Number of protein chains: 4
Amino acid sequence: MTKKNQRRPSARPEEILDAALAVFTAKGFAASRMDEIAEKAGLTKGSVYLYFKSKEQLFEELITRFSKNFVGVMAERVGVMAEKDPEEALRTVIKTGIMMAADPAISAAPRLVLAEAARFPDMAAMYHKKVISVGQAAIVSLLQVGEQKGVFRAVQPDVAKRVIFGPVLTHILLTHTFGQKIQDLETLADSIAENILCGFRIKKDIS
Amino acid sequence: MTKKNQRRPSARPEEILDAALAVFTAKGFAASRMDEIAEKAGLTKGSVYLYFKSKEQLFEELITRFSKNFVGVMAERVGVMAEKDPEEALRTVIKTGIMMAADPAISAAPRLVLAEAARFPDMAAMYHKKVISVGQAAIVSLLQVGEQKGVFRAVQPDVAKRVIFGPVLTHILLTHTFGQKIQDLETLADSIAENILCGFRIKKDIS
Amino acid sequence: MTKKNQRRPSARPEEILDAALAVFTAKGFAASRMDEIAEKAGLTKGSVYLYFKSKEQLFEELITRFSKNFVGVMAERVGVMAEKDPEEALRTVIKTGIMMAADPAISAAPRLVLAEAARFPDMAAMYHKKVISVGQAAIVSLLQVGEQKGVFRAVQPDVAKRVIFGPVLTHILLTHTFGQKIQDLETLADSIAENILCGFRIKKDIS
Amino acid sequence: MTKKNQRRPSARPEEILDAALAVFTAKGFAASRMDEIAEKAGLTKGSVYLYFKSKEQLFEELITRFSKNFVGVMAERVGVMAEKDPEEALRTVIKTGIMMAADPAISAAPRLVLAEAARFPDMAAMYHKKVISVGQAAIVSLLQVGEQKGVFRAVQPDVAKRVIFGPVLTHILLTHTFGQKIQDLETLADSIAENILCGFRIKKDIS
DNA sequence: TATGAATGAGGGTTCATTCAT
DNA sequence: CATGAATGAACCCTCATTCAT
């Protein structure tokens, strides 16, 4: 907008991906126009094609980028924490999930994947492999450590995946997709974590 | 395919809605073509407009229909059961949710709503009011009854909504959207229900 | 132009092909716009796609149509004539070729093929097989008959193809592509035919 | 590819024209991209515009260059030869035409002109004036000389143009555009020349 | 000179919607 | 009611051309 032919080559792809995430999330893949993405990124439609060869590729790289960023954060931290205090680690995972959902930049990608998975099987498979599987594996591993340390009961992995991630996912949807407002996010996160933990903790309090 | 133009007119709208649900679920709203929906319903594109005035209206009536059907089933039964045995009622709600998810005809509509909610705020609001709110109210009511009967602990409604519906929703997505296979569905449903119940039951077993 | 939604289904494809031939010939394949073809055919751009699935297919069917029409006319007549009087048959072939070139509807297709052959190898191959080969075969056969009857000398097929068709093709190009005007077409055709015949006739006039 | 930006600037226009000829011939004017021409010439798209102000001008200069080169070779030689031995001169013209056609660099330009003439009337006119007319004039002059020397019959110029150039042109098209293979090019050229000559020679052989 | 990022107009194609039959 | 031909707006993508560096 400033001058006619700006040149900011190095930053362009990221800027375009950011713009694309915003537009895709708001309108879905099919209803998003390259024009709008380009404008939001500060250039014109034709220029987007200098960086991404099609709308579809733009979409896929968007998800890929998110996947890469996400994996690093997640699995490592959880692994480290689990060794010290599994219960606290699980509590943190749940609370962090709930809290992060408040950031649209983080929750946008998963919602986009959910919305478009049916039309992009390859992308869904990639997301499943790079994000979902990694997250699930981290949780299962966390529970195993806790079980060995005598903190957690034995729970089937398929149960754990659903019971632990489910509330977080639902929170994202209720909050962003359906606009339910929350007053005290921190307290809610705490309460959810504690509630879920009941299903995994060995009841030492007996006796 | 057998005979053309030989169906009872009165059944047409339902047939079109069925066809639309199938196509919308598979491809999403934007990528679905009226041609395909019409063909699946056994008539031609132009004829669909005799029953629905636009693609968008077709979509909205689809969700409306689902909402009506679903509401009846849910709220009533839960209410009745809660009076007798709140714990068993909650267990049933969860198990039923997991089991029903296996039927694509039932899980298709919610997934479709999740996918398209961003583009159809009105529809999302309607779904929220007619389905989500009703379901949440039923659960909250169920928990209150249980609390009064001394069976359940006091749990914040926002926590309960997430912890109870979350695993079911996640199960739907993992199963249909990401294709994770389950071996013993019934056992899984049982285990999930029991796990969730831990967070709500008063620990009578103490002492 | 008359009413808004005319319906002339049966004639449409032919009309479109006619319009396409005119536009393609005038501007070449790439520079021809579907808009213009449609307008010339009396409908709108989108409607063309009801009959031809792409610009390329439209082009190919155009050539296919010409090929089919042409083959019938050519080979049969020549075969019949050759049996009676080979020399007269050859003279007629040449003269007819020159005379037909004056009709743009006939000369347009070959010129279009020449112009676009490089970009459409499949189409070129098809044209070669359906038109060129057939024409060449007819000539070679004609010469053989003449040879057996003692009217024609033995001439290599590759020589005959070039010497007989060359002047006709060149006449088409000079006339249409480069706009050279001819005063007395009939006389010209006669003279060309006689000139060419010299190369094939056995010189009975000797002695 | 070895060093960048290391060529003599003075050679650039020629290099670009060479590249353009290759690309235009292969794909036609409209389907040729400046990118591809530039790459083939060893520079980038933008740089081509330092030498030619538009794609169209590039195309026209291409044809102009060819015209100039060609005219020199042709007319002079033929004129000289005609004075000595008109029959041998005509034979040589025909044979040379056939033989030269084997060189794609030589036959490319005429084919390109044929393909694009419809879209570039100015270029076609220029080509007609600079190449076709010159060639035709040379032939007509040759025949006149032969006629005066008692070697050739009187033949109308319009007939001669078609009968002499036609086989050569047709040979180019059959060979390059339609890919017909020739085994013994020299023999073919000889035979074609002799065949054509029949139409022009005075039949001295008649006693 | 040379680059290559950026532009912007243009065209092929799709598809929801309309309408004469 | 039903058809399907026709429309026309929209949108993706291409590419000749420009311009700051």
Side-chain angles (χ1 to χ4, degrees), chain A residues 3-10 12 30-38 41-58, chain B residues 4-10 12 30-38 42-58, chain C residues 3-10 12 30-38 41-58, chain D residues 4-10 12 30-38 42-58:
Chain A
K3 289 169 214 162
K4 205 164 189 190
N5 282 339
Q6 297 187 52
R7 294 188 79 179
R8 298 182 290 166
S10 59
R12 283 290 190 225
S32 297
R33 286 178 295 112
M34 291 300 270
D35 261 330
E36 191 175 353
I37 293 170
L43 28 67
T44 51
K45 188 167 51 167
S47 303
V48 174
Y49 287 87
L50 297 174
Y51 302 94
F52 301 93
K53 79 167 196 286
S54 71
K55 189 184 180 184
E56 193 156 329
Q57 198 216 5
L58 176 55
Chain B
K4 268 193 173 178
N5 311 348
Q6 295 292 342
R7 304 200 181 152
R8 292 130 297 155
S10 59
R12 275 285 150 87
S32 296
R33 284 176 300 112
M34 292 297 269
D35 261 330
E36 191 174 355
I37 293 169
L43 28 66
T44 52
K45 189 166 52 164
S47 304
V48 174
Y49 286 85
L50 296 172
Y51 300 94
F52 301 92
K53 85 167 198 288
S54 71
K55 188 183 177 186
E56 194 156 327
Q57 197 213 13
L58 176 55
Chain C
K3 291 168 212 162
K4 205 164 189 189
N5 283 339
Q6 297 188 53
R7 294 189 80 178
R8 297 183 290 166
S10 60
R12 282 291 190 222
S32 297
R33 285 177 295 110
M34 292 298 270
D35 262 331
E36 191 175 353
I37 293 170
L43 27 67
T44 52
K45 189 165 53 162
S47 303
V48 174
Y49 287 86
L50 296 174
Y51 301 94
F52 301 92
K53 80 167 196 287
S54 71
K55 189 183 180 184
E56 194 157 329
Q57 198 215 7
L58 176 55
Chain D
K4 269 193 173 176
N5 311 349
Q6 295 291 342
R7 303 203 181 148
R8 291 131 297 154
S10 59
R12 275 284 150 86
S32 296
R33 285 175 299 113
M34 292 298 269
D35 261 331
E36 191 174 353
I37 293 170
L43 29 66
T44 53
K45 188 165 53 165
S47 305
V48 174
Y49 285 85
L50 296 172
Y51 300 94
F52 301 91
K53 85 167 197 288
S54 72
K55 188 184 178 184
E56 194 156 326
Q57 196 212 14
L58 176 56

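Worth saying up front: this structure is predicted, and the values here are computed from it rather than measured. Numbers restart at 1 for each chain; the letters A, B, ... are given by sequence-line order, proteins then strands.
In plain terms, the two heavy atoms of Q57(A) and K53(A) that are nearest each other are OE1-N, 2.7 Å. Closest of all the heavy-atom pairs between G42(C) and R12(C) is O-NH2, 4.1 Å.
Considering only the side chain of Y49(C), dT14(E) comes nearest among dA16(E), dT14(E), dA6(E). Checking dT13(E), dT7(F), dT3(F) against the side-chain heavy atoms of L50(B) singles out dT3(F) as nearest. Checking dA5(E), dA6(F), dG4(F) against every side-chain atom of Y51(A), the shortest atom distance belongs to dA5(E).
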Please list each protein N or O that sits under 3.5 Å from an N or O in nucleotides 9-11 of chain E, with the distance.
residue	atom	partner	partner atom	Å
dG11(E)	OP1	R33(C)	NE	3.0

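Distance, Q57(D) CD to dT17(F) P: 10 Å, rounded to whole Å. In this structure, the CG atom of L58(A) is 13 Å from the C1' atom of dC13(F), given to the nearest Å. Remark: C1' of dA2(F) and CZ of R12(B) are 9 Å apart, rounded to the nearest angstrom.
Not counting sequence neighbours, the partners of A30(D) by the side chain to side chain contact (heavy atoms under 4.5 Å, CB included) test are A30(C). Under the rule for a side chain to side chain contact (heavy atoms under 4.5 Å, CB included), the partners of T44(A) that lie at least two apart in sequence or sit in another chain are S47(A). Scored by the salt bridge (Lys or Arg N to Asp or Glu O under 4.0 Å) test, K55(B) finds no partners at all (sequence neighbours excluded). Remark: E56(D) pairs with no residue by the side chain to side chain donor-acceptor pair (under 3.5 Å) rule, at least two apart or across chains.
In terms of position on DNA chain E, the residue among T44(D) and K53(B) whose nearest nucleotide sits closer to the 5' end is T44(D). Between A31(A) and E56(D), it is A31(A) whose nearest contact on DNA chain F lies nearer the 5' terminus. Along DNA chain F, the nucleotide closest to S54(A) and the one closest to S47(B) are compared, and the more 5′ of them pairs with S47(B).
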*Pairs counted as Watson-Crick or G-U wobble with both distances under 3.5 Å: what dot-bracket string results for DNA chain F, using | for bases tied to another strand?*
.||||||||||||||||||||
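The shortest distance between side-chain heavy atoms of L43(B) and L50(B) does not fall below 4.5 Å.
Interatomic distance, S54(D) OG to L58(D) CG, rounded to the nearest 0.5 Å: 8.0 Å.
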